[in-house]
Q: 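Structure in structure tokens, see below.
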Amino acid sequence: MNKLFFFVILIAQHGFSQVEFRNDESLLFDQETIYGNSVLGPSISFFDYDNDGWDDITIPASSTRDFQFFKNVAGSFEKVNLPISSNGIQARHAIWVDYDNDGDHDFFATSDLGHLWLYRNDGGNVFIDITDTSGLPSTDIPYWGSSWGDYDNDGILDVFISIRDADQIQGNLLYKGNGDGTFINVTVSAGISPDGFITFCSSFFDYDNDGDQDVYTANDKCTTPNTLYRNNGDGTFTDVSITTGTNLYMSAMSTTIDDFNNDGWLDIYVTNFYPPFEDDATVGNAYLLNNGDGTFSNIALENGTRFDSIGWGTVCIDASNDTYKDLYVSGS
């Protein structure tokens with residue numbers, strides 16, 4: 001079973017002062033908080049779902065526990081019951097998004113056992129399960145993660161669903177939001193490859209600063225390269241993985257996107273399994289520096305971020321409060 005630990009960042013109010021990190025399980029009441037039984041753990045959401053100015057915690061469901069929600073009450077967390085249920089199906093990923101542009105955040109989750117959940121937030125802790133009427137896929141395939149972005153700049157969120165298919169049969173999926181609470185599959189017409197890539201996660205971001213959102217996928221097992229899709233601005237994408245230098249063969253676990261060096265261009269950091277399964281695969285984590293000319297360079301070895309261990313999750317934070325982006329990597 002996977003027990004969850006939480007840390008607090010304490011920052012002095014004046015100047016760029018020392019930062020202290022400490023484990024603090026007391027933030028979650030006095031109870032033991034467990035995800036449940038699983039071969040691989042889930043993602044965890046830190047997001048202010050109730051718009052009270054405090055980030056809350058959402059833990060996906062496992063085979064033995066339902067979704068767990070912890071409301072942030074001025075820095076302490078209280079477990080709350082929301083009318084959202086997995087009905088006994090384990091989930092891998094949970095995220096809060098305002099898919100209907102009504103000012104509150106709705107709940108979306110994915111399961112590698114072939115299930116999705118979409119709950120509309122009607123306010124006052126009222127959530128309506130609209131999964132079956134949303135038009136989202138219902139095929140029994142391993143949905144692993146999702147990223148949400150407005151790829152066609154129409155003001156409505158769209159969703160890219162990552163498929164981790166070990167048999168490499170089912171490819172990733174792109175669904176366009178229609179603005180009426182429904183979605184339509186535009187994977188083929190948008191130019192997203194139908195091939196299976198064993199994708200753990202994906203990210204929407206504008207790597208070339210042209211005003212529309214591109215997509216990067218992190219793929220597992222060193223058998224298929226990570227993929228960068230450039231948004232053509234007309235509702236279609238082009239695979240530019242090779243020409244941009246982002247087509248890394250690795251057991252990619254997760255990605256963090258940010259402008260790490262404050263040069264105005266978004267960079268990519270990808271965690272990886274170590275040592276690599278193949279001789280010619282990427283060694284350690286990858287730090288893809290955006291060169292600003294449509295290409296990236298992996299400088300992880302040079303800047304000390306290769307992390308020659310098993311990398312799982314990662315997040316970019318200004319931990320020292322000095323305006324420079326730091327990297328936190330969870331590993332084993």
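Atom set for the values below is all heavy atoms of this structure, side chains included, hydrogens, waters and symmetry mates excluded.
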Q: For Asp318, is there an ion pair with Lys325 - N to carboxylate O distance below 4.0 angstrom?
A: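 So Lys325 does not pair with Asp318 through a salt bridge.
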Q: Quick check against the 3.5 Å criterion: does Thr314 have a side-chain atom that pairs as donor or acceptor with the backbone of Val329?
A: no
Q: Do Asp98 side-chain atoms and Gly103 backbone N/O form a donor-acceptor pair below 3.5 Å?
A: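 It does hold such a pair.
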Q: Heavy atoms, side chains only, cut-off 4.5 Å: are Ile257 and Asp267 in contact?
A: no
Q: Do you know which two heavy atoms are closest between Gly123 and Asp104, and how far apart they sit?
A: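 The answer is N-OD2, 3.9 Å.
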Q: Hey, what do you get for OG (Ser241) to OH (Tyr216), rounding to the nearest 0.5 Å?
A: 7.5 Å
Q: If hydrophobic clusters are built from ILVMFWY residues whose side chains come within less than 4.5 Å, do Phe296 and Met250 share one?
A: yes
Q: What pair of heavy atoms forms the shortest contact from Ser202 to Ser147, and how long is it?
A: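 Nearest heavy atoms, Ser202 then Ser147: OG-OG, 2.8 Å.
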Q: Nearest 0.5 Å, what's the CG-CG distance between Asn121 and Asn51?
A: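 Here the rounded value is 8.0 Å.
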Q: Using the benzene-type ring in the case of Trp, are the ring centres of Phe260 and Tyr287 under 6.0 Å apart?
A: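 That pair passes the under 6.0 Å test.
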Q: For a side chain to side chain donor-acceptor pair (under 3.5 Å) with Lys176, tell me which candidate from Asp154, Asp150, Thr182 qualifies.
A: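 That would be Asp154; it is the only one of Asp154, Asp150, Thr182 passing the side chain to side chain donor-acceptor pair (under 3.5 Å) with Lys176.
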Q: Going by side-chain contact (heavy atoms from CB on, under 4.5 Å), Val159 matches just one of Leu174, Leu136, Val97. Which one?
A: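 Looking at Leu174, Leu136, Val97, the match for Val159 under the side-chain contact (heavy atoms from CB on, under 4.5 Å) is Leu136.
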Q: For the residue pair Thr295 and Thr244, confirm or rule out a side-chain donor-acceptor distance under 3.5 Å.
A: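 Judged by distance alone, the side chains do not pair up.
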Q: Would you kindly confirm whether Ile163 and Phe183 end up in one hydrophobic cluster when ILVMFWY residues are joined by side chain heavy atoms under 4.5 Å apart?
A: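 Same hydrophobic cluster.
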Q: Mind jotting down which residue pairs meet the side-chain hydrogen bond (donor to acceptor under 3.5 Å, both in side chains) criterion with at least one end in residues 275-286? Sequence neighbours excluded, please.
A: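 Pairs touching residues 275-286 that pass the test: Tyr269-Asn285.
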Q: Taking C-beta and beyond as the side chain, do Asp259 and Asn261 meet within less than 4.5 Å on heavy atoms?
A: yes
Q: With Asn303, which residues qualify under side-chain hydrogen bond (donor to acceptor under 3.5 Å, both in side chains), at least two apart?
A: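 Here the qualifying residues are Thr305.
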Q: Can you find a side-chain donor-acceptor pair between Trp312 and Ser332 that sits under 3.5 Å?
A: yes
Q: Any salt bridge between Lys71 and Asp52, counting N to O under 4.0 Å?
A: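 Asp52 and Lys71: salt-bridged.
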Q: Only counting residues at least two apart or in another chain, list the ones meeting side-chain hydrogen bond (donor to acceptor under 3.5 Å, both in side chains) with Gln168.
A: Thr223
Q: Judged by atom type as modelled, is there a donor-acceptor pair below 3.5 Å linking the side chain of Ser297 to the main-chain atoms of Ile299?
A: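 Pair absent, no side-chain N/O of Ser297 close to backbone of Ile299.
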Q: Give the cluster check for Phe277 versus Phe200: same hydrophobic cluster or not, with ILVMFWY residues linked at side-chain heavy-atom distances below 4.5 Å.
A: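 Looking at the clustering, Phe200 is in the same group as Phe277.
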Q: Passes salt bridge (Lys or Arg N to Asp or Glu O under 4.0 Å), Asp112 versus Arg92? Steps please.
A: CA-CA 7 Å; Asp112 59 325; Arg92 292 299 187 184; 3.3 Å; yes
Q: Please find the pair of heavy atoms, one from Asn262 and one from Thr323, that lie closest to each other, and give the distance.
A: ND2-O, 3.2 Å
Q: Ser43 and His93: which non-hydrogen atoms are nearest, and at how many Å?
A: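 Where Ser43 meets His93 most closely, the heavy atoms are OG-CA, 3.2 Å.
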Q: To the nearest 0.5 Å, tell me how far Thr199 OG1 sits from Asp165 CG.
A: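 Interatomic distance, Thr199 OG1 to Asp165 CG, rounded to 0.5 Å: 9.5 Å.
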Q: Mind checking who shares a hydrophobic cluster with Ile89, ILVMFWY linked at side-chain heavy-atom distances under 4.5 Å?
A: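 So far as hydrophobic clustering goes, Ile89 is joined with Phe47, Tyr49, Phe67, Phe69, Val80, Leu82, Ile84, Trp96, Phe107, Leu113, Trp117, Tyr119, Phe127.
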Q: Check whether more than 12 heavy atoms from other residues, nucleotides or ligands sit under 6.0 Å from atom CG of Asp234, and answer yes or no.
A: yes
Q: With rounding to the nearest 0.5 Å, note down the distance linking CD1 in Ile161 to CD in Gln170.
A: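 So the CD1 of Ile161 and the CD of Gln170 are separated by 10.0 Å.
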Q: Any chance the rings of Phe237 and Tyr151 have centres within less than 6.0 Å?
A: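 Ring centres of Tyr151 and Phe237 closer than 6.0 Å.
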Q: Taking ring pair (Phe, Tyr, Trp, His ring centres under 6.0 Å) as the criterion, tell me which of Phe160, Tyr175, Phe108 meets it with Trp148.
A: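 Result for ring pair (Phe, Tyr, Trp, His ring centres under 6.0 Å) with Trp148: Phe108.
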Q: Are the side chain of Asp152 and the backbone of Gly235 linked by a donor-acceptor contact shorter than 3.5 Å?
A: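 Side chain of Asp152 to backbone of Gly235: no pair is present.
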Q: Ignoring hydrogens, what is the shortest heavy-atom contact between Ser203 and Thr255? Give both atom names and the distance.
A: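 Minimum heavy-atom contact is OG-OG1, 2.9 Å.
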Q: Between the side chains of Asp208 and Arg230, is the shortest nitrogen-to-carboxylate-oxygen separation below 4.0 Å, so that they form an ion pair?
A: no
Q: Distance-only, no hydrogens or angles: does the Asp56 side chain make a donor-acceptor pair with backbone N or O of Asn72 under 3.5 Å?
A: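 Here the side-chain-to-backbone pair exists.
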Q: Please go through Val188's hydrophobic cluster and name the other residues, only I, L, V, M, F, W, Y counting, with side-chain heavy atoms under 4.5 Å joining them.
A: none
Q: Under 4.5 Å between any side-chain heavy atoms of Val270 and Asn272, yes or no?
A: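 Result no, sub-4.5 Å side-chain heavy-atom pair not found.
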Q: Please lay out, stage by stage, how Asp220 and Arg164 fare under the test salt bridge (Lys or Arg N to Asp or Glu O under 4.0 Å).
A: CA-CA 8 Å; Asp220 193 13; Arg164 186 180 181 273; 2.7 Å; yes
Q: Taking side-chain hydrogen bond (donor to acceptor under 3.5 Å, both in side chains) as the definition, give me every residue that meets it alongside Thr238, ordered by chain and number, with sequence neighbours left out.
A: Asn232
